[in-house]
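What follows is a set of notes on a single structure, which appears directly below.
To find a chain, count down the sequence lines: A is the first, B the second, and so on, and within it residues start at 1.
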Amino acid sequence: MERHTGINLDMKKKKLVEIKNVSYAKNGQKVLLDVNFNIYKCDFIAMIGPNGGGKTTLLKLMLGLLKPTSGSLRIFDETPGKASQKIGYVPQNVHINRSFPITVLDVVLMGKLEPRTKWWQRKRDQDRREAMQALEIMHVADCAGKMIGQLSGGQRQRVFIARALITTPELLLLDEPTASLDTKGKTDFFNILKELNQKISILMVSHDLFIVSSYVKSVACVNKRLHYHDQAEITGDMLESMYSCTVEDVCPVELVAHGLPQRVLKKHDEHEHHD
Amino acid sequence: MIEALQFEFMQHAFLAGLLASIICGIMGTLVVINRIVFLSGGIAHAAYGGIGLSFYFGWPYMAGAIGFSTVTALIMATVTLKAKHRTDTLIGVMWAVGMATGILLLDLTPGYNVDLMSYLFGSILTVAISDIWLMLAMCGLICCLMLYFYQDLIAISYDQEFARIRGVPTTLLYIMLILLLAVTIVLLIQIVGLILVIALLTIPPFIMERHSRSLAKMIIGSIILSTLFTICGLWLAYTYNLTSGASIIMVGGVVFFLFLGVEKALFRFNKIS
Ligand SMILES: Nc1ncnc2c1ncn2[C@@H]1O[C@H](COP(=O)(O)OP(=O)(O)O)[C@@H](O)[C@H]1O
Ligand SMILES: [Mg+2]
């Protein structure tokens, strides 16, 4: 709460991202409405919300890949796009060109890309070692020499996470990084994130609410508008308002009814209403 | 074959073929991995408008063709960047309009008696020494840019968004790529003609794509294959008095289908054993 009402009591916490009254419309359709949101150092935020709620859009706005229709974003005290090198990003859909001639190791090494450092100036051995380490962390080191197109969806996702890890980011933006990981992969991955979180701030889009709730420090619900919850607790009310049940989406409200969550999130403030 | 090389026109043809192969190997690979084959087709056919323009106003062929195709290529690149979903239609329209412009301008050119066939199917055997110098310059330029931007080009071809986040000037590089492509296509029209230019540009990289472990290897493999196709094609054209451009492409096509067949057979064999 103290972090969100504007009065930041903990002055030592550095503000990494500041989003003020941001709206975004595409083809006349409002995707995001009046979003206010900050990310501080060492935050671990889960972003939840229905498909089409605007989660990916919000991440792309932060990365400077999209421009807001109105409002302002400051990322590391700069305009979006300027400081994106400090952000590690795992996209939701990496366009898949299965026959692209590139090995897994080279995909990860893309994370070390710096336009000002050309390939002949790079510290190859060191980069390579870091890339192998990242692959080991993600348990796909044995695939390093394979072509990227030969991997399964889940393996490929691990590779893209490894690529984000070696960018030595200060902030990690993860767009449904666990969508095609197996159960063990997910728990492993959340444990890795928990460790990384000691140094790096993390914002993660995820639908695995109940695993997430025991790892993250706060939750942001995005459905056109954004609601921020300081403690990782979940109420049926909140989920009901944020999720509309779709065919492909298992409605979390239903899961709540089965008594799965142990903790309960505070209700949205009175003045916060969705349309 | 060897005795054929004593003729100056054959020496020129060989040089032109070799340079074209290097250019093709590099640019063709970029075309294939970026999936812009259709756009290349658009540029090639729109270039015909440039040829018409050159004849109508009495400009040198290269000036008109390169000018016209770079302008159309820039328009196409802008469209691709701005309105992705409309790209195919617009390229299709520019493709046809460019070609129609060329034909109409040639109709209107007084005393027009140029061999249309040489632009449709190329004329490597009559390539001028000045064009060879031009190709050499282009070849050098492409090689340098490719070496300098190697990693950035891989990154924008594989994952454009990620490249942008890492600070790669993606838009600029894309426009550079399209402009180089436009010039490349005009130069290649001399060798194999505009009907066949796409085949020469794409067949070698298609064969190499799934069997290369890196972009560099794909490029080198494509250069070797292109060289093979042009030399064999030239030899066939010389020996049996055939159209050179068509012979070159025919060699490429045969190798392509042989390759597909062998690949399929090996796949079956692996499955059985
Ligand atoms: N390229 C696009 N063109 C048009 N509309 C888009 C595009 N991308 C996203 N949208 C719209 O933006 C909305 C939010 O999408 P997105 O941010 O991907 O949602 P989420 O990631 O939460 O599932 C959707 O309603 C979708 O229709
Ligand atoms: Mg999304």
Side-chain angles (χ1 to χ4, degrees), chain A residues 27 56 59-60 62-66 75 80-122 127 145-150 159-160 163-164 166-167 169 171 173 175, chain B residues 25-26 28-37 81-86 144-173 176 202 204-222 263:
Chain A
N27 306 330
T56 303
L59 293 189
K60 288 191 177 178
M62 287 190 220
L63 288 161
L65 295 172
L66 297 173
I75 317 290
K82 288 259 170 59
S84 5
Q85 297 208 26
K86 292 184 191 164
I87 303 177
Y89 175 51
V90 179
Q92 183 174 16
N93 305 308
V94 172
H95 101 121
I96 300 156
N97 175 356
R98 280 184 161 269
S99 45
F100 199 98
I102 191 166
T103 59
V104 168
L105 187 65
D106 284 337
V107 170
V108 179
L109 281 170
M110 230 180 249
K112 281 284 168 206
L113 188 65
E114 300 249 4
R116 254 153 277 138
T117 321
K118 289 292 160 201
W119 51 267
W120 58 86
Q121 303 165 324
R122 271 165 59 160
D127 286 356
K146 281 192 188 165
M147 303 307 292
I148 189 78
Q150 292 172 345
V159 172
F160 291 124
R163 180 179 71 170
I166 73 157
T167 59
L171 170 66
L173 300 181
D175 201 347
Chain B
I26 297 175
T29 298
L30 290 173
V31 165
V32 168
I33 61 169
N34 277 291
R35 303 280 184 259
I36 46 172
V37 178
L81 288 170
K82 291 268 180 244
K84 279 217 164 74
H85 49 291
R86 299 295 259 320
C144 289
L145 288 173
M146 188 68 217
L147 278 174
Y148 190 74
F149 290 115
Y150 181 64
Q151 275 175 336
D152 311 63
L153 285 169
I154 293 179
I156 67 163
S157 310
Y158 186 67
D159 190 346
Q160 197 249 349
E161 271 184 355
F162 191 82
R164 225 169 109 192
I165 292 166
R166 296 308 301 159
V168 178
T170 49
T171 310
L172 230 65
L173 278 175
M176 178 191 90
T202 53
F206 267 137
I207 294 177
M208 292 310 299
E209 191 177 27
R210 264 172 302 142
H211 301 272
S212 317
R213 289 179 58 80
S214 69
L215 192 70
K217 285 176 187 153
M218 185 168 161
I219 289 175
I220 291 168
S222 304
E263 205 179 39

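When heavy atoms are compared at a cutoff of 4.5 Å, A:K60 approaches chain B solely by way of its side chain, counted from C-beta outward. Looking at A:I148, the atoms closer than 4.5 Å to chain B (heavy atoms on both sides) all sit in the side chain, from C-beta outward.
A pairwise comparison of heavy atoms in B:D159 and A:P91 identifies OD2-CG, 4.5 Å as the closest pair. Taking all atoms of both residues into account, the shortest heavy-atom contact from A:P101 to B:S212 is CB-O, 3.5 Å.
Put simply, the side chain of B:R166 gets close to the backbone of A:Q85: a donor and an acceptor are under 3.5 Å apart.
With chain A as partner, the option from B:E209, B:R210, B:K217, B:M218 having the largest number of non-hydrogen pairs under 4.5 angstrom is B:E209. Highest contact tally toward chain B, considering only A:G111, A:A164, A:G149, A:G64, is held by A:G111 [criterion: heavy-atom pairs under 4.5 Å].
Rounding to the nearest 0.5 angstrom, the gap separating the CG atom in B:D152 from the CD atom in A:E114 is 11.0 Å. Expressed to the nearest 0.5 Å, how far OG of A:S99 lies from CE of B:M208 amounts to 13.0 Å.
Partners of A:P80 under the side chain to side chain contact (heavy atoms under 4.5 Å, CB included) rule, at least two apart in sequence or in another chain, are A:L73, A:I75.
No option in A:L113, A:L63, A:T167 other than A:T167 meets the side chain to side chain contact (heavy atoms under 4.5 Å, CB included) test with B:F162.
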